[in-house]
Amino acid sequence: MGEQQGAEGAPEAGGDKSGEKSFQPPATQEELDRIIGERLSRERGKFADYDDLKAKAAKLAQLEDAGKSEAQKAADALAAAQQRVKELEGSQLASTVAAEKGVPASLISGSTKEELERSADELLAWRGEKAAPKPVVRKVGESPTNTNDKSGPMRDFVRGLFNREETE
């Protein structure tokens with residue numbers, strides 16, 4: 001016997017394992033090309049019926065669409081319109097919060113006003129800035145009180161603009 005066997009009759013590690021091929025690296029470029037070609041043909045064979053399946057799926061979708069009643073089509077259109085309205089409302093809310101906080105709307109995320117504000121605050125904290133001061137809203141014809149005061153939100157806002165330009 002060419003194999004060594006242990007106490008239980010099983011082949012020992014390092015012995016010749018009959019029935020299993022051992023790896024032989026390709027010796028020539030032609031042999032490597034043949035191996036790769038065989039592998040490619042096996043993989044391509046797996047997807048040979050892809051175009052046929054794609055055509056069948058399109059036909060099935062067409063049949064399902066034709067089988068829908070007018071009410072189902074209207075319900076689908078309504079659901080799509082509601083989804084679009086929801087997306088637009090979320091975008092408008094994000095734009096509003098971004099304008100209030102002085103950050104780009106594309107960099108904040110969330111679905112509620114609170115989540116968007118928190119996201120904007122986190123962005124500002126990450127950038128090491130304070131939130132942009134909220135604009136002072138006055139009624140038409142109302143004049144600011146104490147116009148001789150040299151401190152206040154407008155002065156801070158203008159200073160912030162000039163300081164921001166110097167740092168950029």
Side-chain angles (χ1 to χ4, degrees), residues 23 26 29 32-168:
F23 175 73
Q29 183 66 42
L32 178 63
D33 291 343
R34 180 189 54 79
I35 292 170
I36 291 173
E38 290 173 0
R39 176 70 177 154
L40 284 173
S41 64
R42 282 195 312 263
E43 287 301 314
R44 288 182 181 139
K46 290 180 185 179
F47 303 106
D49 60 345
Y50 176 76
D51 292 330
D52 184 39
L53 292 174
K54 187 176 175 182
K56 287 180 182 179
K59 187 174 182 179
L60 176 62
Q62 185 181 18
L63 289 173
E64 287 177 347
D65 200 31
K68 287 184 179 180
S69 68
E70 289 300 316
Q72 287 173 324
K73 290 179 183 178
D76 290 345
L78 176 63
Q82 287 174 336
Q83 178 64 28
R84 181 72 178 139
V85 166
K86 185 177 179 181
E87 290 171 3
L88 290 173
E89 286 174 345
S91 175
Q92 189 271 335
L93 182 61
S95 296
T96 302
V97 170
E100 288 174 359
K101 297 287 186 170
V103 298
S106 61
L107 297 179
I108 59 174
S109 62
S111 57
T112 65
K113 184 172 183 174
E114 293 78 22
E115 290 173 352
L116 290 165
E117 287 175 342
R118 189 172 345 139
S119 178
D121 291 339
E122 289 172 358
L123 178 62
L124 290 170
W126 177 78
R127 286 179 25 188
E129 296 180 13
K130 295 181 183 176
K134 293 186 179 181
V136 177
V137 179
R138 294 189 179 93
K139 294 179 184 174
V140 175
E142 181 180 327
S143 63
T145 59
N146 198 0
T147 55
N148 294 330
D149 185 12
K150 294 188 180 180
S151 65
M154 184 56 117
R155 188 184 111 225
D156 293 340
F157 176 74
V158 171
R159 276 192 177 165
L161 288 175
F162 285 111
N163 290 339
R164 188 174 298 154
E165 288 178 10
E166 291 174 2
T167 59
E168 289 180 359

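- Considering CD of Glu114 and CG of Asp121, their distance stands at 12.0 Å, rounded to 0.5 Å.
- By the 4.0 Å N-to-carboxylate-O rule, Glu43 lies close enough to Lys46 to be salt-bridged with it.
- Heavy-atom minimum distance, Ser95 versus Ala105: CA-CB, 4.1 Å.
- In this structure, CD1 on Ile35 lies 12.0 Å from CZ on Arg39, to the nearest 0.5 angstrom.
- To the nearest 0.5 angstrom, Leu107 atom CG is 10.5 Å from Leu124 atom CG.
- Using modelled atom types, one finds no donor on one side chain facing an acceptor on the other under 3.5 Å when comparing Gln72 with Asp76.
- Put simply, the side chain of Ser119 never gets that close to the backbone of Glu115: no donor and acceptor are under 3.5 Å apart.
- Nearest heavy-atom pair, Leu93 versus Leu116, reported as atom, atom and distance to 0.1 Å: CG-CD1, 3.6 Å.
- Judged by distance alone, with hydrogens and angles left aside, the side-chain atoms of Ser91 form no donor-acceptor pair with the main-chain N or O of Glu87 at under 3.5 Å.
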Worked verdict on Glu38 versus Arg34 for salt bridge (Lys or Arg N to Asp or Glu O under 4.0 Å): CA-CA 6 Å; Glu38 290 173 0; Arg34 180 189 54 79; 2.9 Å; yes
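- Partners of Lys113 according to the salt bridge (Lys or Arg N to Asp or Glu O under 4.0 Å) rule, which considers only residues two or more places apart in sequence or in another chain, do not exist here.
- Atoms CG and CZ, on Leu88 and Arg84 in that order, are 4.0 Å from each other to the nearest 0.5 Å.
- The number of heavy atoms from other shown groups lying within 6.0 Å of NZ (Lys73) is above 12.
- Here NZ of Lys101 is found 9.5 Å from CD1 of Ile108. Values are rounded to the nearest 0.5 Å.
- Looking only at side-chain heavy atoms (C-beta outward), Glu89 and Val85 come within less than 4.5 Å of each other.
- Counted by atom type alone, Gln92 and Thr96 present one or more donor-acceptor pairs between their side chains at under 3.5 Å.
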